[in-house]
Each structure stands twice: as structure tokens, then as C-alpha cells.
Amino acid sequence: MTEKKDGFVKEITPKSEDFSQWYVDVCRKADLMDYAPVKGCMVIKPYGYSLWENIKEGLDRRIKATGHVNAYFPLFIPESYLQKEAEHVEGFAPEVAWVTHGGAEELHERLAVRPTSETIICAMYSRWIQSWRDLPVLINQWANVVRWEKATRPFLRTTEFLWQEGHTAHRTAEEAEEETLRMLEVYRDFVETDLSIPVVVGRKTEGEKFAGAVHTYTIEALMSDGRALQAATSHNLGQHFAKVFDITFLDQDDQLKHVWQTSWGMTTRIIGALIMVHGDDRGLVLPPKVAPIQVVIVPIAPQKERERVLAEARALQRELEEHLRTHLDDRDEYTPGWKFNEWEMRGVPLRIEIGPRDIERGQVVLVRRDGGAKTPVSRSGLVDVVKGFLDDIQKSRWQKAKQFMEENTRTAGSVDELKAIMEDKRGFVLGGWCGEGSCEDAVKEETGATIRCIPLAEPGWKGEKCICCGGHASHTVYFARAY
RNA sequence: CGGGGCGUAGCGCAGUUUGGUCAGCGCGCCUGCUUUGGGAGCAGGAGGCCCCCGGUUCGAAUCCGGGCGCCCCGACCA
């Protein structure tokens with residue numbers, strides 16, 4: 001696997017040869033994660049975790065800017081709590097991990113390791129909320145959750161994963177709906193702006209919505225193998241949980257009422273999306289805004305000039321690190337060429353090479369991860385130039401992904417057409433839908449594609465008839481095979 | 001839960017068909033010297049419960065039973 005070609009090392013299975021293997025190779029070669037001893041669990045290694053921290057920071061900032069505060073609820077949920085909301089139990093029961101013993105003693109009531117925190121949080125809200133003056137409650141938590149999955153893949157589906165879950169309670173149905181959409185927009189903005197991943201914004205069908213929700217909104221992204229991935233969801237819970245957990249408040253009109261609730265989340269799965277949207281045959285490609293290292297400096301230091309070059313490289317680093325996440329790779333045991341390949345596999349957006357030749361000319365060489373173009377740049381005023389490059393890389397990631405999504409969004413008038421597209425090209429397919437679950441199921445059975453969402457914005461093409469039954473299409477929806 | 005693949009040095013693998021100089025290779029690691037603009041070279045060196053348990057046999061990495069684990073692909077989920 002280590003043979004060279006075009007000067008680049010091939011340690012990664014080409015995408016075109018085996019996409020799944022490519023994905024796993026990138027996860028490992030980019031040093032994002034390692035497999036843990038427990039089935040379906042992984043270690044998020046420092047480089048991967050640093051990426052997650054940057055994602056967290058960008059999203060957390062937006063969550064707080066919309067008036068939410070962070071809190072932390074317990075990992076363990078009494079079984080009886082989980083049982084309260086019928087749809088919710090049914091949805092999560094098959095994948096809950098249970099704690100049955102504390103030390104040697106068997107527990108009187110089993111404890112669920114949270115698969116999501118609606119129930120425990122609602123139980124607390126019912127104690128905290130009494131008056132309309134207590135509303136809205138706008139709380140978010142960053143936590144780990146566990147879902148006992150049968151088939152797992154790094155980042156995309158792991159037994160334990162990290163996420164953020166927002167849980168809010170409101171006075172009116174309208175306010176809850178506004179909140180649900182507000183947070184959907186927060187996700188869209190974050191994913192599109194910081195991750196350069198274009199998404200389709202829409203509502204889930206009854207069959208695809210969250211267990212216990214009135215309805216679920218989603219942002220759906222398209223991976224470079226043509227499969228869709230749900231990047232984040234926002235649920236309008238209505239009063240389902242409020243009723244079973246007895247979350248009531250006395251309103252201004254002296255009436256006792258149930259609150260209206262929402263919940264919304266984004267997970268470490270988004271890292272999988274980042275890999276699959278931007279990565280290439282040489283490895284990871286990271287958008288500068290979330291890259292753990294935005295700029296890596298690789299000194300070209302022949303023995304005789306070693307000290308001189310390193311001194312320059314260090315000066316360069318001091319200058320840049322005030323503004324950017326910078327790393328100087330001054331390891332002596334690797335050659336420059338080795339380092340080039342290494343940092344490219346790890347997706348660092350911009351590399352700066354500095355060697356004796358550059359010092360003579362008062363310049364450095366900038367090399368973009370996307371495209372790999374080498375540009376000599378004057379040493380003076382470098383910070384602004386580098387920032388300009390990073391902005392441009394962020395933008396061009398976006399444009400490339402956007403173009404890919406547009407080119408891979410097709411239309412179908414029948415199940416046969418959809419099926420042909422799914423077998424050949426995949427991607428998003430717009431089609432008419434009558435609104436019946438039976439047609440949704442039949443399409444899935446026949447083509448492997450599910451309804452990813454009913455878009456909120458006009459998709460620019462209208463399906464007149466249901467692609468399945470031929471009846472009147474009440475919606476034009478996005479179909480895709482999904483992760 | 002179905003289908004496939006795989007467990008031998010830190011990693012990637014060969015060896016298993018046909019039991020016996022079979023504990024091997026590449027990378028990595030350690031020491032030294034020479035090197036440094038796209039994974040450097042030479043020399044020397046360290047490193048093993050061959051996944052686990054049982055059986056067959058004079059003898060098992062290899063054959064037979066039974067476990068366990070991991071990966072991939074499908075169905076369910078973020």
C-alpha cells in the first residue's frame with residue numbers, strides 16, 4: 001500500500017475503488033480516531049478531538065447567542081421515566097444499554113444509560129416550572145449518549161457518541177414552533193458557514209420523525225459517494241412530554257396549562273460528514289474555520305543551514321500563531337517530503353515551506369491542500385496574505401461542495417426512474433409524493449431510497465404526481481439513500 | 001439480526017491446503033554515520049501466550065470441537 005505515484009504516497013485506498021475502505025483509511029491515517037476494546041466504541045484521538053472542540057465552539061457560540069444556557073443532566077435515567085412516553089420508548093427501547101447492578105448489589109430499578117435526555121430533563125422541568133414567568137426555559141447540554149447499535153462505523157454510528165442536545169419549554173405552540181425553526185437555522189448557518197457543507201433544509205415525514213415528536217425538521221447533506229446524511233435535527237415536541245411528565249404552568253389568564261417543548265441536536269457524526277464531503281484520495285481536507293491546525297510550517301533545513309532556517313521558521317511561527325492555529329513541524333527525523341504527505345493526509349488547509357532559497361529571496365512558499373498549487377509569497381505582510389488564502393480555501397470548499405450537490409440533484413417522475421438513478425448515480429432526487437406512508441415504504445422497498453425531507457423552500461421543480469401511486473402529489477420531496 | 005472477510009511483533013501481512021529447521025517478511029522502533037525543496041541511504045540491534053479454551057497426535061500457527069473479538073456489506077437508528 002505504500003507504493004508511490006506522482007510523488008504522492010498512497011496509503012489510502014482510492015475513493016473510486018472502495019468508498020467505505022477509503023473512509024476508514026482516512027479516519028485512521030488522519031489520526032482522528034482509534035478503535036477501542038468495546039464493540040462499536042472508539043477513541044477520539046487528540047487531533048480528532050481538537051476538530052470536535054472547534055466544531056463545539058462554533059456551534060456553542062451560536063446556541064448562546066440565541067439565548068440558551070448550558071447545563072448538565074445525569075447519565076442515568078430510571079427505567080420508569082423512559083417508559084412514560086409511549087412512542088419514545090418504542091423508538092429507543094431496542095438500543096438502550098441498562099445498568100442493573102451497583103457494585104455487587106442488584107438495583108431495585110434498572111437504570112438506562114441515556115440514549116437521549118428528554119425524559120430526565122422533562123422530569124426536572126416539571127419541578128422547575130410553575131408560572132408563565134418561568135418560561136421559556138432554554139437549556140442546552142453537551143454530553144455523551146449511548147445507543148446499542150448493531151452495526152457501527154467510526155463517527156457515523158458508534159455505540160457511544162458525543163453531541164449537544166437542546167431542550168426548551170415554551171408558553172405557546174407558536175413560540176415552540178418558532179424555536180424549532182430558529183435552531184434549525186442555527187444548524188444550517190453553522191454547517192454551511194463553518195463546515196462549508198451545503199444542506200437541504202426540510203421537514204421529516206411521519207415515518208422518519210423523532211420518536212415522540214409532533215414533527216421533526218432536518219438539514220440533509222450529500223456525501224461525495226452520493227448518499228445523504230442527516231446533519232442535525234430539530235424537533236417540535238408539542239405537549240407530548242409535558243403531558244406525561246406533568247409539566248404545567250399557571251398562565252396569565254389563571255389557567256393551568258401544559259408547556260410546549262422542543263429539542264434539537266447535532267453529534268460527532270458531523271465529523272463523518274466533514275470527511276465524506278471534503279476528503280479526497282490523499283486524505284482529509286479540512287475547512288480552515290474548524291481545522292485543528294490551519295497552517296503548518298515545514299522548514300527545509302539542510303545540515304549546514306539548519307540553524308539559520310529553523311530560526312527563520314520559528315520567527316515565522318511566532319508571527320502567525322498570534323492570529324492563526326499554527327504548527328511548526330521541526331522534527332529532525334523526517335524529511336520534508338514525508339512531512340508534506342503527512343500533513344496532507346491530515347487535511348491541514350495550508351502549508352508554508354521555508355528553506356535556504358526562500359530566505360535568500362525574502363519569501364516563503366504557500367501550498368494549498370485543495371489543488372496543491374505552490375505560490376511563492378513575500379515574507380513581509382505575510383499574515384494578511386495567509387488569512388486571504390484561508391478565506392479563499394474556505395470559500396472554494398463551499399463552492400465545490402455546492403456544485404457537487406447541485407449536479408447530483410435530479411428529478412424523477414416514477415419509481416422506475418428513481419430506481420435507475422439510485423442504481424447508477426445516487427444523489428438527491430426530487431419527486432412528487434402523495435403524503436401516504438404506504439407509498440413512502442413501497443419506494444424504499446423498491447429503490448433503497450428514503451424521503452430525506454420535505455423541503456421548506458421551493459426546490460425549483462415541482463412533482464405533479466406521486467412517483468409511487470400516481471395520485472396527486474401533495475409535496476415535492478427529496479429522496480436519497482442515506483447513512 | 002442476516003451475508004461476507006479477518007484474528008501470527010506496534011502496524012500491514014506471508015506461512016495453514018499437504019502437522020516436523022517455521023517464528024518469517026515489509027513498514028515502524030532503537031544505535032551510529034551520511035542525508036534533508038514530494039514518504040532518504042548504509043550498517044548494526046530490540047521486539048512473539050501465532051485470539052482464547054478443549055481435543056487429536058510422538059509433535060499443532062497449521063487438523064477437529066467450542067467460544068470471543070474486530071472489520072465490511074445489507075435491514076433499523078444520529
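Just so it is clear: chains get the letters A, B, ... in the order the sequence lines come, proteins before strands, and each one is counted from 1.
Rounded to whole Å, the C1' atom of B:C51 lies 12 Å from the corresponding atom of B:A61. B:A14 and B:U8: their C1' atoms are spaced 10 Å apart (whole Å). Going from the P atom of B:G19 to that of B:G26 covers 28 Å, rounded to whole Å. Annotation: B:G44 and B:G66 have their C1' atoms spaced 47 Å apart (nearest Å). Comparing B:C72 with B:C52, their P atoms are spaced 24 Å from each other, to the whole Å. With both ends at atom C1', the span from B:G3 to B:U21 equals 42 Å, rounded to whole Å. Remark: the separation of the P atoms in B:C11 and B:U34 is 34 Å, to the nearest Å. Nucleotides B:A23 and B:G47 are separated by 13 Å at their C1' atoms, to the nearest Å.
Contact annotation for A:Arg306: no contact, since no heavy-atom pair falls under 4.0 Å across all strands. Residue contacts shown for A:Arg351 include a base, since a base heavy atom lies under 4.0 Å away. Across all strands shown, A:Thr158 has heavy atoms under 4.0 Å from base atoms, whether or not it also approaches the sugar-phosphate. Across all strands shown, A:Asp18 has no heavy atoms under 4.0 Å from either base or sugar-phosphate atoms. If you check every strand for non-hydrogen atoms under 4.0 Å, A:Gln303 touches a base. Within 4.0 Å (heavy atoms only), A:Gln21 reaches no atom of the nucleic acid at all. Residue contacts for A:Lys374: at a heavy-atom cut-off of 4.0 Å it reaches a base atom on one of the strands shown. If you check every strand for non-hydrogen atoms under 4.0 Å, A:Pro299 touches nothing. Among the atoms of the strands shown, none is found under 4.0 Å from any heavy atom of A:Val298. Within 4.0 Å of A:Ile270, counting heavy atoms only, lies no atom of the nucleic acid at all.
When distances are taken from the side chain of A:Thr335 to each of B:C70, B:A40, B:C29, the shortest belongs to B:A40. Of the candidates B:U36, B:G38, B:C72, B:C72 carries the atom nearest the A:Val24 side chain, counting heavy atoms from C-beta on. The side chain of A:Pro356 has B:G37 as its nearest neighbour among B:G38, B:C72, B:G37. Side-chain proximity of A:Pro154 to the nucleotides B:C72, B:G38, B:U36 is greatest for B:C72. Residue A:Tyr35 places its side chain closer to B:C72 than to any other of B:C72, B:G37, B:G38.
Summarising the geometry, the separation between NZ on A:Lys45 and P on B:C11 is reported as 12 Å, rounded to the nearest angstrom. Atom CH2 in A:Trp148 sits roughly 13 Å away from atom P in B:C1 (whole-Å rounding). Summarising the geometry, the separation between CG on A:Asp31 and P on B:G28 is reported as 17 Å, rounded to the nearest angstrom. Atom NZ in A:Lys304 sits about 7 Å away from atom P in B:U35, given to the nearest Å. Counting to the nearest Å, the C1' atom of B:G38 and the CZ atom of A:Arg282 are 9 Å from each other. One atom, CH2 of A:Trp343, and another, P of B:G37, lie 18 Å apart when rounded to the nearest Å. Counting to the nearest Å, the P atom of B:G12 and the CD1 atom of A:Ile12 are 15 Å from each other. Nucleotide B:G32 holds its P atom 13 Å from the CD atom of A:Glu333, rounded to whole Å.
Between the side chains of A:Glu440 and A:Thr205, at least one donor N or O sits under 3.5 Å from an acceptor N or O. A donor atom on one side chain and an acceptor atom on the other are not found under 3.5 Å apart for A:Asn341 and A:Arg282. For the residue pair A:Glu149 and A:Thr159, no side-chain donor N or O sits within less than 3.5 Å of a side-chain acceptor on the partner. A side-chain donor-acceptor contact under 3.5 Å links A:Asp225 and A:Tyr483.
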Requested in this report: Let me see the working for A:Phe73 and A:His167 under ring pair (Phe, Tyr, Trp, His ring centres under 6.0 Å), right down to the final yes or no.
Outcome: CA-CA 11 Å; A:Phe73 293 84; A:His167 296 271; 7.4 Å; no
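Salt-bridge formation is detected for the pair A:Lys204/A:Glu220: a Lys NZ or Arg NE/NH1/NH2 atom is positioned less than 4.0 Å from an Asp or Glu carboxylate oxygen. With respect to A:Arg452 and A:Glu208, a salt bridge is recorded, a charged nitrogen being found less than 4.0 Å from a carboxylate O. Electrostatic pairing of A:Asp25 and A:Lys15 does not count as a salt bridge here, judged by no charged N lying under 4.0 Å from a carboxylate O. With respect to A:Glu160 and A:Arg147, no salt bridge is recorded, no charged nitrogen being found less than 4.0 Å from a carboxylate O.
In a base pair of the Watson-Crick type (N1 to N3 plus N6-O4 or O6-N4) or a G-U wobble (N1-O2 and O6-N3), with each distance short of 3.5 Å, B:G69 is matched with B:C6. B:C1: Watson-Crick or G-U partner is B:G74, with both key distances under 3.5 Å. Under the Watson-Crick or G-U wobble criterion, with both distances below 3.5 Å, B:G48 has no partner in any strand shown. Judged by Watson-Crick or G-U wobble contacts below 3.5 Å, the nucleotide B:G19 has no partner. The partner of B:C13 is B:G24, judged by Watson-Crick or G-U wobble contacts that both fall below 3.5 Å. If you check B:G32 for Watson-Crick or wobble pairing at under 3.5 angstrom, you find it paired to B:C42.
Taking the six-membered ring wherever Trp is involved, the centroid distance between the rings of A:Phe210 and A:Phe92 falls below 6.0 Å. The distance between the ring centers of A:His68 and A:Trp264 falls below 6.0 angstrom.
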All N/O contacts under 3.5 Å from nucleotides 74-77 of chain B to the protein, with atom names and distances to one decimal?
residue: B:C76; atom: OP1; partner: A:Lys444; partner atom: NZ; Å: 2.6
residue: B:C76; atom: OP2; partner: A:Lys444; partner atom: NZ; Å: 3.0
residue: B:C77; atom: O2'; partner: A:Glu95; partner atom: OE2; Å: 3.0
residue: B:C77; atom: O2; partner: A:Arg157; partner atom: NE; Å: 2.9
residue: B:C77; atom: N3; partner: A:Arg157; partner atom: NE; Å: 2.9
residue: B:C77; atom: N3; partner: A:Arg157; partner atom: NH2; Å: 2.3
residue: B:C77; atom: N4; partner: A:Arg157; partner atom: NH2; Å: 2.5

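In this structure, A:Asp358 and A:Arg28 both approach RNA chain B, and ranking their closest nucleotides by distance from the 5' end singles out A:Arg28.
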